[in-house]
Amino acid sequence: MVTCPHARASQAGVDVLEAGGSAVDAAIAASSTLAVIYPHMTGLGGDAFWLIHDAATGKVRFLDGGGRAAASASAAWFSAHGHAEIPFRGVLPATLTTPGAVASWCEAHRAYGRLPLQQDLAAATAYAREGFPVSERLARWLQDTAPELAPHAESAAIFLPGGRAPAAGSTLKNPDLARTLDALAADGHAGFYAGEVAREMARFARAQGGFFTEADLAVQSAHWGEPISGTYRGITIHETPAPTQGFTVLEMLNLLEPFELHRIKPGGAELVHLMVQAKQIAYHDRDCHLADPRFVPVPMERLISKAYADERRALVDPARALPWDRVPSHGSLRGDTVFIGAVDAQGNAAALINSLYGVFGSCVTAGATGVVLQNRAAYFSLDPAHPNCVRPGKTPLHTLIASLAFKEEKLWAVLGCMGADGQPQIHAQAYVAMIDHGLDIQQAVQAPRWLSGRFALGEARDTLHIEARFAPEAIAELQRRGHLIDRWGEWNELAGHAHGITIDPHTGTRHGGSDPRSDGAAIGH
């Protein structure tokens with residue numbers, strides 16, 4: 001089974017499974033296809049992180065595909081050029097870090113692929129070369145982002161043909177990206193990080209006054225590590241470790257467990273109130289401590305411990321909203337990502353999160369490669385005293401997370417979502433829905449959703465965005481308790497695309513869930 005935010009990409013993954021591919025082959029097929037047909041959400045110019053379950057050994061491995069800051073990167077450079085923070089769009093964030101996702105695809109394939117990489121990339125390459133129909137969602141994002149794409153000639157040529165955003169149902173092509181995919185299929189890692197593709201990306205960076213060089217691209221690699229894990233009501237949950245924010249899910253669930261949420265009405269004000277405060281506390285810890293662990297110590301064991309949650313739980317106010325000035329937080333909910341979940345016939349699983357960060361990332365396309373570059377580097381701090389301050393070779397704090405969960409020591413759930421800062425909140429809501437309230441995976445991902453935080457500068461950090469499918473009396477009670485409410489419509493894409501697969505530990509039956517807020521599908525065979 002494969003699930004992700006576009007049905008054509010899920011089908012590409014299933015086609016690979018039917019051809020004898022592994023869960024990793026399927027995830028690469030789906031992710032590369034999304035890089036073509038969902039270009040506002042993901043691409044070869046982004047980063048990726050994996051959790052991979054090996055059914056033969058029972059182990060879960062973490063694969064870090066985070067891009068690294070160029071050798072010329074420094075906070076001093078930005079200060080000298082009059083920047084108080086790293087810009088959100090444009091060439092500077094685009095070239096400050098190298099793309100990391102492709103290195104992770106190649107490393108995952110080396111370790112777990114059963115089919116040639118060319119076969120995994122075949123659907124993506126065909127869509128890039130021959131074209132694909134623009135979905136209504138993509139058409140809307142193209143229209144909304146057109147002013148930011150238009151100043152960049154290479155991006156405008158692909159996404160604004162004839163000077164305007166293509167309408168839904170029209171055909172969109174990216175022949176330059178097809179050639180880049182051909183090079184990757186033929187030569188693997190070297191096909192992207194060396195040779196003609198790398199030379200063109202580096203040439204573009206030089207010409208535009210950017211950062212990364214051929215040497216920076218050549219040393220980009222993905223590396224293996226250990227996931228972090230915790231338990232919630234007897235379920236073992238694995239999340240991606242630093243530099244990702246996966247620990248916040250475990251901390252939130254640790255904070256919430258003694259409140260016995262299974263005894264609290266689902267969809268009610270009490271449940272949302274407690275979960276929002278757990279989020280605030282965990283995110284404060286994230287903003288204080290999270291960074292690239294190869295450069296600074298991150299106290300991960302303490303942050304995910306039950307004992308630490310017991311200390312921090314004293315901040316929870318059961319009656320009133322927790323003021324942000326007591327537990328400060330930063331960041332933005334606005335970001336776009338894709339999650340791919342895949343499980344093969346042998347029970348191996350891949351949870352892959354792949355992103356450009358903002359909508360169309362930096363909005364910059366790297367010359368004649370067709371590769372849209374991410375703007376993840378905008379998450380770096382320029383404060384030299386902050387753990388997340390930019391340094392050469394460093395990966396920024398990442399909002400990207402992926403999750404696997406085990407019941408009775410058997411793989412039970414593959415779960416992930418888009419949503420930038422909202423991702424841990426969505427993980428927690430889905431797990432609580434399934435574990436505490438007995439919802440299946442589809443019910444959990446389509447349930448009414450809330451997100452706490454700001455979507456834009458100037459918006460209050462304690463805004464509680466909430467879909468209108470919550471009962472009016474629940475929303476009114478949350479407002480009475482002091483929550484600053486932003487009432488969304490019944491369905492809002494900004495609430496994130498969540499996708500997952502659950503496996504019955506006794507029968508092995510797969511159940512897929514796909515978020516109606518996306519163009520996705522869960523497809524099995």
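One-based numbering along the sequence shown.
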Residues passing the ring pair (Phe, Tyr, Trp, His ring centres under 6.0 Å) test with Tyr193, sequence neighbours excluded, are His189

Testing Val372, Leu181, Leu356 for side chain to side chain contact (heavy atoms under 4.5 Å, CB included) with Leu44, which one passes? Leu181

Can Glu239 and Ser403 be counted as having a side-chain donor-acceptor contact under 3.5 angstrom? yes

What do the steps show when you test Phe88 against Tyr357 for side chain to side chain contact (heavy atoms under 4.5 Å, CB included), and what is the final call? CA-CA 10 Å; Phe88 185 72; Tyr357 181 29; 3.5 Å; yes

Sequence neighbours excluded and cut-off under 3.5 Å, please list the side-chain donor-acceptor pairs for residues 117-127, or say none.
from	atom 1	to	atom 2	distance (Å)
Thr125	OG1	Leu121	O	2.8
Tyr127	OH	Arg8	NH1	3.3

Using modelled atom types only, decide if a donor and an acceptor are shared between the side chain of Arg302 and the backbone of Val298 within a distance under 3.5 Å. no

Gln425 and Trp450: side-chain donor and acceptor closer than 3.5 Å? no

Side chain of Gln143, backbone of Ala165: donor and acceptor closer than 3.5 Å? no

Ignoring hydrogens and geometry, is there a side-chain-to-backbone donor-acceptor pair from Arg517 to Trp491 under 3.5 Å? no

For the residue pair Ser135 and Asp519, confirm or rule out a side-chain donor-acceptor distance under 3.5 Å. yes

Any side-chain donor paired with an acceptor under 3.5 Å for Asp515 and Ser518? no

Can a donor-acceptor pair be found, under 3.5 Å and without considering hydrogens, that links the side chain of Lys279 to the backbone of Met252? no

Closer than 4.0 angstrom, basic N to acidic O: yes or no for Asp47 and Arg376? no

Closer than 3.5 angstrom, by distance alone: can the side chain of Asp421 be matched with the main-chain N or O of Thr399 as a donor-acceptor pair? no

Under the criterion side chain to side chain contact (heavy atoms under 4.5 Å, CB included), I'd like the reasoning laid out for Ile466 against Asp486: C-alpha separation, chi angles, the key distance, then a yes or no. CA-CA 6 Å; Ile466 190 164; Asp486 174 27; over 6 Å; no

Please, which pairs that meet side-chain hydrogen bond (donor to acceptor under 3.5 Å, both in side chains) have at least one residue in residues 154-170, sequence neighbours excluded? Ser155-Thr365

Parallel, tilted or perpendicular, as decided by the 30° and 60° cut-offs, for the rings of His499 and His497: perpendicular

Donor-acceptor under 3.5 Å (His465 side chain, Leu494 main chain): no

Checking Thr213 side chain against Asp216 main chain: does a donor-acceptor pair fall under 3.5 Å? yes

For the rings on Phe211 and Phe78, is their centre-to-centre separation under 6.0 Å? yes

I'd like to know if Arg391 pairs up with Asp292 as an ion pair, taking the criterion as any Lys NZ or Arg NE/NH1/NH2 lying under 4.0 Å from an Asp or Glu carboxylate oxygen. no

When you check the side-chain N and O atoms of Ser381 and Asn388, is any donor under 3.5 Å from an acceptor? no

Indicate yes or no: does Arg140 engage Glu493 in a salt bridge with an N to O separation below 4.0 Å. yes

Any Lys/Arg nitrogen of Glu196 or Arg199 sitting under 4.0 Å from an Asp/Glu carboxylate oxygen of the other? no

With the side chain counted from C-beta on, respond yes when Trp50 and Ile353 share a heavy-atom pair under 4.5 Å apart, and no when they do not. no

